[in-house]
Each structure stands twice: as structure tokens, then as C-alpha cells.
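Following: one structure in C-alpha cells, then a few remarks.
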Amino acid sequence: MNILVYKWDIFPYNDIINELKEQGHSTDVLAFPIKNHIQDTSFEHKLAEYLENGSYNAVFSVNYFTVISNTCHKYGIPYISWTCDAPLAGMRNPSIHNPENTIYVFDYKEYEYFKNKGVDTVKYLPLAGAPERITNLLAENHTSRDNRKYSYDISFVGNLYDKNLYDEMAGVLPPYLCGYMDATIEAQLNVSGGNIINIMLTDDIMENASKYMDLKQGGKNLEELKLYFATSVLSYKAAAVLRRQVLNALSHVAGMHLFTTSSTDGLFKTIVHPPVKYHSEMPLVFATSKINLNITTPNIENGIPLRVFDVLSAGGFLMTDYRPGLEKLFDIGKDLVVYDGINDLTSKAQYYLNHDKERELISASGFDKLQKLHTYKHRIHVMFSL
């Protein structure tokens, strides 16, 4: 196939493009910025130039863009997208029904949502890892599984969401609404492996909240406002609080290492490092850490984040919170370890730090499972064998 890839600043693209070429597809890359995901005249003209001058069998993007879908619909060219964020507000758009679409979502709950709405253009497809690329990188840096030296006890690579919309908005809410939102966040912190924010945000609460703030969602209905608030506001605030709680708790167990661009105020014993480059440095952290953490944001309700696949691709030992469907991809306790709340996490961290052989057997099993079933080779074959 001859594929036009719309590329923007997100991690999986290099692995996807390389695998497309490995499987015999030819690719052109369009990197023109999209300023408005729904309607963007400048981008539409640029995409149209490509479609009129090239003989493309499909257009591909990571995440779904209405502006791409509608332009492909105009030219009758298939549009294939694969989400790595959930939920995507842009998918709550009539363009979702365009017959040229094939939209792969990694969160099964998103798939069920659209299926129940009668949408037949949305399919479920988990994310993937790049074990071959990372194995080569580790060998170049002399950190293969056979001669690995551990530099860190426990590591977390990620954002602490210190800059979040809730902190900006809370100051304009009346005390009763601010108290309700705080209680919602607190309730979410007590739910491991699930999301209750959507349940807590009733129509009455959202109608009242919309009176006190500019949600920058003019013309949207109450359902879309709720989605925006639950996902972009409360979910990231809850993640900000939880991640600090986790790091502080683990810092009393062993050396807790954090790699981030975020402010680290409120972290007491955590050892803070500069951020690491996704392709060239992050796998080295995963490979040389005794324990790697995944702390999923609440807005991902039934999907497995990219960090899970990244850690396992490096042969790293992973401890992750639970999401429904995880057991369909990996054997819990054999390929990775799941924790249920902070107390369980600290207890299991102490155990596996003291049991090297068990930990290394699990990391080896996780790597083997990913290599056999969950690589970009597997996913590209599914998406482009139409």
C-alpha cells in the first residue's frame, strides 16, 4: 500500500513508520500543523494537495482528527487512525460515521461506547511495544539482560501533572462546588483500577459548574462538557495527587527515582532526575531499574497505557495498577505484577526488591510475551491487512 502518514509530536510514530516499511508499504509523511482538529482551512488545503498529487491507498494518523476524516471523505480515500489517548473529545463528532474511517482505539470502553451508539467504524486494538529496536539499543549500551547492572531500585518516568486545569479553575468555583470536586478527587484516589469521576459528575453539578467558568467549549452539549471536565480537569488533578502519594510512600521503602519535567514540590525523599529521551534514554532506565512503575490516569478506564509496553519491551520488571482487560494481554503475576492501592504497592515492592530471582523471571516472561504477541509488527499487520 501507498500510505500518507500525518505525523505530529507523539512518541509511537517512528516505530510505526519503520514497521510500515518493513512490511512492504511505501510511506510519505505530512507534518503540517493542525491548529483546529475539527475544521482547519490551511491544513485541509495542504492535505488536499497531497491527495490530489499522490496515489495513496490510505491516510494514517495516531489519534483521530475530524479534519483529516472529512478531507478523506471528500476524496473517497480510506482514513486509518489508532488512538493512544482516551477518551478523545474529537471522536464525539458526526464525522465518526464517515465510511472511509477505520478507527482503532486502545481503550475497550471507548470501543463499547461507540458500538452501543451504532458506530461501525470503530474497532479495538491495544497499543504495542518495540522490543527489537530496544534490544539493539540495550546491546549498544551494554545493558542487555545477560549483563544487566541495576542502577535504580524503583523508577517512575512520567508527568506529575503539577500544571493542571483544576488548580486554575478551582479559584472561581463557589465553596460548595469546590468542596464537591475535592470530594470527587478524594473518592477517586480510593478506587484502584477504576474511574468514578464520571459517576460523580451529575448533570446538576455540571450545569452549576458551567455557570462559574469558561470551559472553552462554546456550543457543546452537557455530555461533551462532562467529558471535557472529567478528562481534562479532574482526571489529571487526581493523577497529580496520587502520583505524589505513591512516590512519597515508596521513597520510604527504597531508593525512589523520578525522571520528569514536572515540579517536584512536596516530594520528600524521592531522587529526582532530569527527563529522559523517549527513544534513546528511557529504555535504559527501564532496563536498569529493579522495579518500574506504571500509574494510569483515571481517564483511561479500560485500556493499557503505552508505558506498560515500553517497560516490557526493555525487559524491565513492571508493577502496574489494574485495568480491565490487562489479563487478556498478559498473565498477571507471571509477566508483570499488579498492585491494588498504595499499601499493597509498598508491600509488593519490598517483596520483589528482596527476591531477585522471582523478579527477573517475571521480567523475562513479560518480555517474551510482548515479543510474541504485542509488537508494532502485530498491530500494523492488523491495521493494514484490509
Flag for Asn2-Ser55: side-chain donor and acceptor within less than 3.5 Å:
no
We want to know whether Thr296 and Asn294 form a side-chain donor-acceptor pair, criterion being a heavy-atom distance below 3.5 angstrom.
yes
When the aromatic ring centroids of [X] and [Y] are compared, is their separation below 6.0 Å?
X	Y	result
Phe330	His374	yes
Phe156	Phe259	no
His273	Tyr152	yes
Tyr6	Phe65	yes
Phe384	Phe60	yes

Give a yes/no verdict on a cation-pi contact between Lys372 and Phe367, requiring under 6.0 Å between NZ or CZ and the six-membered ring centre and an angle within 45° of the axis.
no
Does Arg359 make a cation-pi contact with Tyr351, if we ask for NZ or CZ under 6.0 Å from the ring centre and within 45° of the axis?
no
Would you say that more than 12 heavy atoms from the other residues, nucleotides or ligands in this model lie under 6.0 Å from the NE2 of His252, or not?
yes
Residue from Tyr104, Tyr56, Tyr64 passing ring pair (Phe, Tyr, Trp, His ring centres under 6.0 Å) with Tyr79
Tyr64
So do [Y] and [X] actually touch side chain to side chain, heavy atoms under 4.5 Å?
X	Y	result
Tyr161	Thr297	yes
Val157	Thr260	no
Leu336	Leu326	yes

Looking at [Y] and [X], is there a salt bridge between them, counting it only when a charged N and a carboxylate O are closer than 4.0 Å?
X	Y	value
Lys109	Glu301	yes
Asp335	Lys369	yes
Arg92	Glu110	yes
Glu223	Lys226	no

Identify each donor-acceptor pair in which a side-chain atom of residues 168-180 lies under 3.5 Å from a protein atom, sequence neighbours left out, and give them as a table.
residue : atom : partner : partner atom : Å
Tyr180  : OH   : Met200  : O            : 2.6

For Phe286, does its backbone N or O pair with a side-chain atom of Asn292 as donor and acceptor, under 3.5 Å?
yes
Tell me whether Phe106 is reachable from Ile10 by hopping between hydrophobic residues (I, L, V, M, F, W, Y) whose side-chain heavy atoms are closer than 4.5 Å.
yes
Under 30°, 30 to 60°, or over 60°: which ring-plane class applies to Tyr124 and Tyr111, parallel, tilted or perpendicular?
tilted
Please verify the inter-ring angle class for Phe43 with Phe32; under 30° counts as parallel, over 60° as perpendicular, anything in between as tilted.
tilted
Verdict with supporting geometry, Ile332 and Val337, side chain to side chain contact (heavy atoms under 4.5 Å, CB included):
CA-CA 6 Å; Ile332 295 174; Val337 171; over 6 Å; no
